[in-house]
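Here is the structure we will look at.
Reckoned from all heavy atoms, side chains included, excluding hydrogens, waters and symmetry mates.
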There are 2 protein chains.
Amino acid sequence: MSTAPPAPTGTPPDSAGNPAESAGSAAPAAPDTPPGGVPARSPAETRELVEAIEWLFFAYRDFTSDPDEILHEYGFGRAHHRVIHFVGRHPGITVADLLNILRITKQSLSRVLKELVGQGYIVQKTGTKDRRQRLLYLSDKGMEMERRLAGPQRERVAKALAAAGPEAQKAWCAVLAHLVNEDDRRAVEALISNGYVS
Amino acid sequence: MSTAPPAPTGTPPDSAGNPAESAGSAAPAAPDTPPGGVPARSPAETRELVEAIEWLFFAYRDFTSDPDEILHEYGFGRAHHRVIHFVGRHPGITVADLLNILRITKQSLSRVLKELVGQGYIVQKTGTKDRRQRLLYLSDKGMEMERRLAGPQRERVAKALAAAGPEAQKAWCAVLAHLVNEDDRRAVEALISNGYVS
DNA sequence: TTTTTAGGTCAGCCATGTTGACATATATTC
DNA sequence: GAATATATGTCAACATGGCTGACCTAAAAA
């Protein structure tokens with residue numbers, strides 16, 4: 001939980017590969033840079049981009065670590081967290097909607113859902129309008145777990161936003177929103193702003 | 001790859017759980033809010049926090065989708081991408097350093113590394129200072145794959161940063177940096193700024 | 001009445017993580 | 001030089017959480 005990452009091998013490659021050329025010297029014309037809308041970024045811009053990507057990797061790695069530990073106590077995994085989270089945010093959500101959010105298969109969700117229902121963290125109620133639907137809700141037990149899982153994660157994000165200054169939150173959300181596929185962006189935005197907050 | 005997420009069930013919970021109360025009505029005193037340093041956030045602040053967290057979830061989901069598709073062509077998975085990425089960024093990196101970055105076990109890394117070396121994407125060279133070490137480099141083939149994987153992901157991030165305005169990049173990286181465990185932050189920063197850029 | 005939809009279920013596969021034990025070669029230290 | 005520590009690889013076994021395909025039921029919709 002606390003081993004520091006290294007500062008690995010500051011030494012340049014002594015023979016195998018010099019990754020300093022980007023376009024096409026001997027390389028077979030990189031397939032994702034067609035002669036139309038080529039990026040045409042400066043090395044400095046490229047470096048900033050790569051660094052931004054790497055920060056995202058490391059941030060996400062640690063962002064998920066808090067709930068992962070708590071989930072372990074319950075014998076659950078990340079998949080359970082996602083279900084608990086979205087059921088908490090959208091009480092009465094249907095299985096189909098949950099599938100669309102999580103983008104996993106019915107079987108994968110079924111397995112997780114069965115455990116959560118079986119152990120009393122989630123309750124199902126038959127839909128009144130459409131009696132085929134099984135609307136999902138957190139039980140009290142489920143809400144308690146949800147709070148435990150959300151707590152440290154919220155603290156982490158709150159601290160990060162605070163540390164980055166008052167303007168950071170808007171910018172942060174704007175970038176994240178534009179990382180989402182354009183086709184989905186509006187739907188995701190609606191989804192997010194429709195959710196309940198515990 | 002393009003199914004839109006839903007706007008699920010705007011209907012409030014009709015019986016099972018009303019998640020509108022946060023502290024402790026009937027709930028058994030949520031275990032992660034000790035009476036000392038309680039967050040004490042307003043409902044509006046809490047909502048913003050939750051929304052920021054959810055944006056991160058959706059952004060990361062789509063952020064990883066581009067390389068995932070390409071990896072599939074090669075018969076590889078996300079684990080291979082991570083290795084290719086960090087070997088590309090740190091030519092001559094040792095196995096131990098890679099383990100520290102990825103935070104996985106030697107066996108998990110071994111499996112992936114064996115495939116990448118076996119299929120000629122990564123080459124190993126015995127260390128000169130310490131001949132026990134097996135320094136890792138991308139082969140030409142590996143560099144080509146790395147470029148293919150990095151391309152769409154960089155485009156996505158570049159577009160998102162551009163769309164969020166000129167100030168966004170600094171704020172974005174600042175928040176991400178503060179999401180990383182404090183103990184590791186400086187080491188990660190050093191690692192990131194030491195890497196090579198293709 | 002027929003068809004479509006929401007959901008569940010079974011069987012099996014794959015990718016990627018885990019632990020524990022052990023082997024080998026090389027560095028380091030006494 | 002001998003003992004120990006380190007870098008790395010390897011085997012066996014297992015867990016989680018994805019996946020596919022096939023098939024079932026009940027209820028809604030046509």
Side-chain angles (χ1 to χ4, degrees), chain A residues 1 3 6 8-9 60-61 64-65 67-69 71-84 87 92-118 122-136, chain B residues 1 3 6 8-9 60-61 64-65 67-84 87 92-119 122-136:
Chain A
M1 272 349 123
T3 347
T9 79
Y60 203 80
R61 184 192 67 176
T64 52
S65 67
D68 280 355
E69 280 180 51
L71 286 159
H72 198 73
E73 293 175 28
Y74 291 86
F76 291 147
R78 229 176 261 186
H80 302 82
H81 184 195
R82 292 194 279 261
V83 172
I84 287 287
V87 172
I93 193 173
T94 64
V95 171
D97 284 342
L98 207 41
L99 285 174
N100 267 323
I101 291 176
L102 300 176
R103 300 280 169 84
I104 59 176
T105 56
K106 204 170 31 158
Q107 290 69 18
S108 296
L109 177 57
S110 258
R111 205 183 323 167
V112 170
L113 208 44
K114 204 189 302 188
E115 291 170 344
L116 290 170
V117 170
I122 285 183
V123 293
Q124 296 176 320
K125 308 188 77 83
T126 300
T128 47
K129 286 184 61 176
D130 185 335
R131 291 171 36 84
R132 291 172 303 180
Q133 295 181 329
R134 306 198 6 205
L135 310 183
L136 307 174
Chain B
M1 273 349 121
T3 348
T9 79
Y60 202 81
R61 184 191 68 176
T64 53
S65 67
D68 279 355
E69 280 179 48
I70 299 169
L71 286 159
H72 198 73
E73 294 175 26
Y74 290 86
F76 291 146
R78 226 176 264 187
H80 301 83
H81 184 197
R82 291 193 280 260
V83 171
I84 287 288
V87 171
I93 193 173
T94 64
V95 171
D97 284 342
L98 208 41
L99 286 174
N100 266 324
I101 291 175
L102 301 175
R103 301 279 170 86
I104 58 176
T105 56
K106 204 170 29 160
Q107 289 69 17
S108 295
L109 177 55
S110 258
R111 206 183 324 166
V112 170
L113 208 44
K114 204 190 302 187
E115 291 171 344
L116 290 170
V117 170
Q119 297 182 40
I122 285 183
V123 293
Q124 294 175 321
K125 309 186 78 81
T126 300
T128 46
K129 285 183 59 175
D130 186 335
R131 292 171 35 85
R132 289 171 303 180
Q133 294 181 331
R134 308 209 351 213
L135 310 183
L136 306 173

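- Here the P atom of nucleotide D/dT16 and the OH atom of A/Y74 are 17 Å apart, to the nearest Å.
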Show the distances under 3.5 angstrom between N or O atoms of the protein and N or O atoms of nucleotides 2-6 of chain D.
from: D/dT6; atom 1: O2; to: B/R132; atom 2: NH1; distance (Å): 2.4

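- Contact annotation: B/R134 reaches the phosphate of D/dG9 (side-chain N/O to OP1 or OP2, under 4.0 Å).
- Across all strands, A/H72 comes closer than 4.0 Å to no nucleic acid atom at all (heavy-atom distances).
- Under the side-chain contact (heavy atoms from CB on, under 4.5 Å) criterion, B/R131 pairs with B/T126, sequence neighbours left out.
- For B/R134, the side-chain contact (heavy atoms from CB on, under 4.5 Å) criterion is met by B/Q124, not counting sequence neighbours.
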Please output the side-chain donor-acceptor pairs of residues 108-119 of chain B that fall under 3.5 Å, not counting sequence neighbours, one pair per line with the distance.
from: B/S108; atom 1: OG; to: B/T105; atom 2: OG1; distance (Å): 3.1
from: B/S110; atom 1: OG; to: B/K106; atom 2: O; distance (Å): 3.4
from: B/E115; atom 1: OE1; to: B/H80; atom 2: NE2; distance (Å): 2.5

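- Across all strands shown, B/K114 has heavy atoms under 4.0 Å from sugar-phosphate atoms exclusively, and none from any base.
- B/D97 and B/I93 make their closest contact through CB-CG1, 3.7 Å (heavy atoms, listed as atom of the first residue, atom of the second, distance).
- D/dG18 atom P lies 18 Å from atom CG of B/L71, rounded to whole Å.
- When the side-chain nitrogen and oxygen atoms of A/S108 are compared with OP1 and OP2 of D/dG17, none of them lie within a distance under 4.0 Å.
- For DNA chain C, the outermost nucleotides in 5' to 3' order that have an atom under 4.0 Å from a heavy atom of chain A are C/dT5 to C/dC10.
- Taking atom CG of B/L99 as the reference point, atom C1' of D/dG9 lies 12 Å away to the nearest angstrom.
- For A/R78, the side-chain contact (heavy atoms from CB on, under 4.5 Å) partners two or more places apart in sequence, or in a different chain, are A/T64, A/D68, A/R82.
- Distances shorter than 4.0 Å separate some side-chain N or O of B/Q124 from OP1 or OP2 on D/dG9.
- The distance from atom CZ of A/R82 to atom C1' of D/dT16 is 11 Å, rounded to the nearest whole Å.
- Counting atom types as modelled, A/R111 pairs a side-chain N or O with a base atom of D/dG18 as donor and acceptor under 3.5 Å.
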